[in-house]
Amino acid sequence: MLMLARVGVRPVFHAPLGAWTHACGARIPLRVQRYSRKPLISCHDDTPAEVPPNLPFKVKPKQPRASPDVPVEQKPAASSVKQAITPYIKLTKPNLTILVTLSCICSYAISPLSVSLPQLIALTAGTALCSGAANAINMGREPEFDRKMPRTVGRPVVRGQVTPTQAFQFAAVTGATGVTMLALGVNPIVASLGFINIVLYSWIYTSLKRKHIINTWVGALVGAIPPLMGWAASSSLYHPAAWCLAGLLYAWQFPHFNALSHNIASQYKDAGYVMTAAENPRMNARVALRYSLWMFPLCFGLSWWGVTDWVFPFDSAIVNGWMAYHAFKFWQQQKANYPKNATQGPSPQGVALANAHAKNLFWCSVWHLPVILILAMIHKKGQWDRLWEYCGLGEKKEKQLL
């Protein structure tokens, strides 16, 4: 600064820009402008400040805050309503209910006779309500057992969010509504199947879980009824393909659940449940393999009885073979872990391998069922005739025949 003054250059400090500039002229003392420390816009003042006119962006003055004497606004009512509804939604086991409903809808789509949108809506809502009612009764009956398992300890009845009586009342309302919707919106046969499934799952299966391993076979019947409901909504249950489709869902339950229960067999046993995975591990794997193999003839039956085309048995065989392979590996390892007349238990390495194979089988079964149902809908007989006619291929074929 002193050197600039000696050569006759006037330094001037522009405080708002924070930089030095130079201009030629007489030598004068350096002056620095002082600025007020008061902010232009107050962040804590209750009165709105004046907005400077030279700001390059739009500023909206903040409105005065409410007086401290005014009580703080409570949480919106929507939040409390959500907290009240959430435990009841959990009572329905949403994931299981969605799977049951989708199997019913897919069967409805695969059935050979015509379908309608109002009937489909009534079928979907009624089936979901019936499934939710059965699951709510199941939870209301088992809180003391569910409390002993890490898998079920978070259920609403166990946590005290809902009492068993409230669970039963909720099940009565949803179950009655679901059966009524099926009776009025679909037909009495479907409504009867929905009611039977509620009783079968919530009372018979739930009671057998603590008495005998046959509960798994009864639970598989529960999974086989929704496809019959979807089929009966538009077609006759005398059609053999209806029972092929129900058999497909029945057989799928075993590789799926037996693989799931294997890795938590000790939890089931400690909670007082009698499951094949804990009582007879070798039989548990053998049953999973047996019903995995049943998938091949059941898929073939859908084509044999004229519901799907003849491509379906071949591409479904790829998916069925994938699950059968994992079921075979699971059974092979359990057979080595538990040989006949064994004097000692399996080695830690054998247990680890069986756990890995069971896990692979479980995740394979999760993907297997939706893929098979989608393939059956894609290969439904006559599904593509309308598309060929729209593209003109059907007309050409008719002209050639003439």
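Quick note: residue numbers are just sequence positions, from 1. Note that this is a predicted model, so its numbers are computed, not measured.
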Partners meeting side-chain hydrogen bond (donor to acceptor under 3.5 Å, both in side chains) with Asn187 (sequence neighbours left out): none

Partners passing side-chain hydrogen bond (donor to acceptor under 3.5 Å, both in side chains) against Ser316 (at least two apart in sequence or in another chain): none

Enumerate donor-acceptor pairs with a distance under 3.5 Å from any side-chain N or O in residues 151-159 to protein atoms, sequence neighbours excluded.
unit_1, atom_1, unit_2, atom_2, d
Arg151, NH1, Tyr268, OH, 3.2
Thr152, OG1, Asp146, O, 2.8
Arg155, NH1, Asp146, OD2, 3.2

Return yes if some donor-acceptor pair links the side-chain N/O of [X] with the main-chain N/O of [Y] below 3.5 Å, else return no.
X: Gln119; Y: Ala233; value: yes
X: Ser103; Y: Val100; value: yes
X: Thr308; Y: Lys381; value: no
X: Asn215; Y: Val218; value: no
X: Lys380; Y: Ala109; value: yes
X: Asn280; Y: Thr276; value: no
X: Asn337; Y: Gly350; value: yes

Check: Phe300 ring centroid to Trp310 ring centroid under 6.0 Å: yes

Near-ring test Phe254/Trp217, centroid separation under 6.0 angstrom: yes

Residue pair Ser365 / His256, side-chain donor-acceptor N/O under 3.5 Å: yes

Would a 4.5 Å heavy-atom cut-off, applied to side chains only, mark [X] and [Y] as touching?
X: Val173; Y: Gln169; value: no
X: Phe257; Y: Met275; value: yes
X: His357; Y: His326; value: no
X: Cys130; Y: Phe195; value: no
X: Ser107; Y: Leu228; value: no
X: Ile213; Y: Met283; value: yes
X: Asn284; Y: Ser261; value: yes
X: Thr127; Y: Leu182; value: yes

Give the table of side-chain donor-acceptor pairs shorter than 3.5 Å for residues 368-375, with sequence neighbours excluded, one pair per line with atom names and distance.
unit_1, atom_1, unit_2, atom_2, d
His368, NE2, Asn320, OD1, 2.7

Check against side-chain contact (heavy atoms from CB on, under 4.5 Å), Val274 and His212: CA-CA 6 Å; Val274 181; His212 198 275; 5.6 Å; no

Point-to-point distance, once rounded to the nearest 0.5 Å, from CG of Asp309 to CD1 of Ile378: 10.0 Å

Qualifying side-chain hydrogen bond (donor to acceptor under 3.5 Å, both in side chains) pairs with a residue from residues 189-207, counting only residues at least two apart or across chains: Lys93-Tyr201, Asn138-Thr206, Arg141-Ser207

Pair listing, side-chain hydrogen bond (donor to acceptor under 3.5 Å, both in side chains) test, anchored in residues 224-245, at least two apart: Ser111-Ser234

Any pair counted as salt bridge (charged side-chain N to carboxylate O under 4.0 Å, His left out), so long as it reaches residues 193-210, sequence neighbours left out: Glu142-Lys209, Glu142-Arg210

Filter on ring-ring contact (aromatic ring centres under 6.0 Å, His included), then keep only pairs touching [range], sequence neighbours left out; what's left?
range: residues 126-164; value: Phe145-Tyr273
range: residues 89-128; value: none
range: residues 161-187; value: Tyr88-Phe170

Residue list, side chain to side chain contact (heavy atoms under 4.5 Å, CB included) with Ala358, at least two apart or on another chain: His262, Asn263, Phe330

Results of side chain to side chain contact (heavy atoms under 4.5 Å, CB included) for Trp363 - residues two or more places apart only: Lys359, Val366

Leu245 and Leu302: CA distance, side-chain angles, deciding distance, side-chain contact (heavy atoms from CB on, under 4.5 Å) verdict: CA-CA 7 Å; Leu245 199 56; Leu302 290 175; 4.2 Å; yes

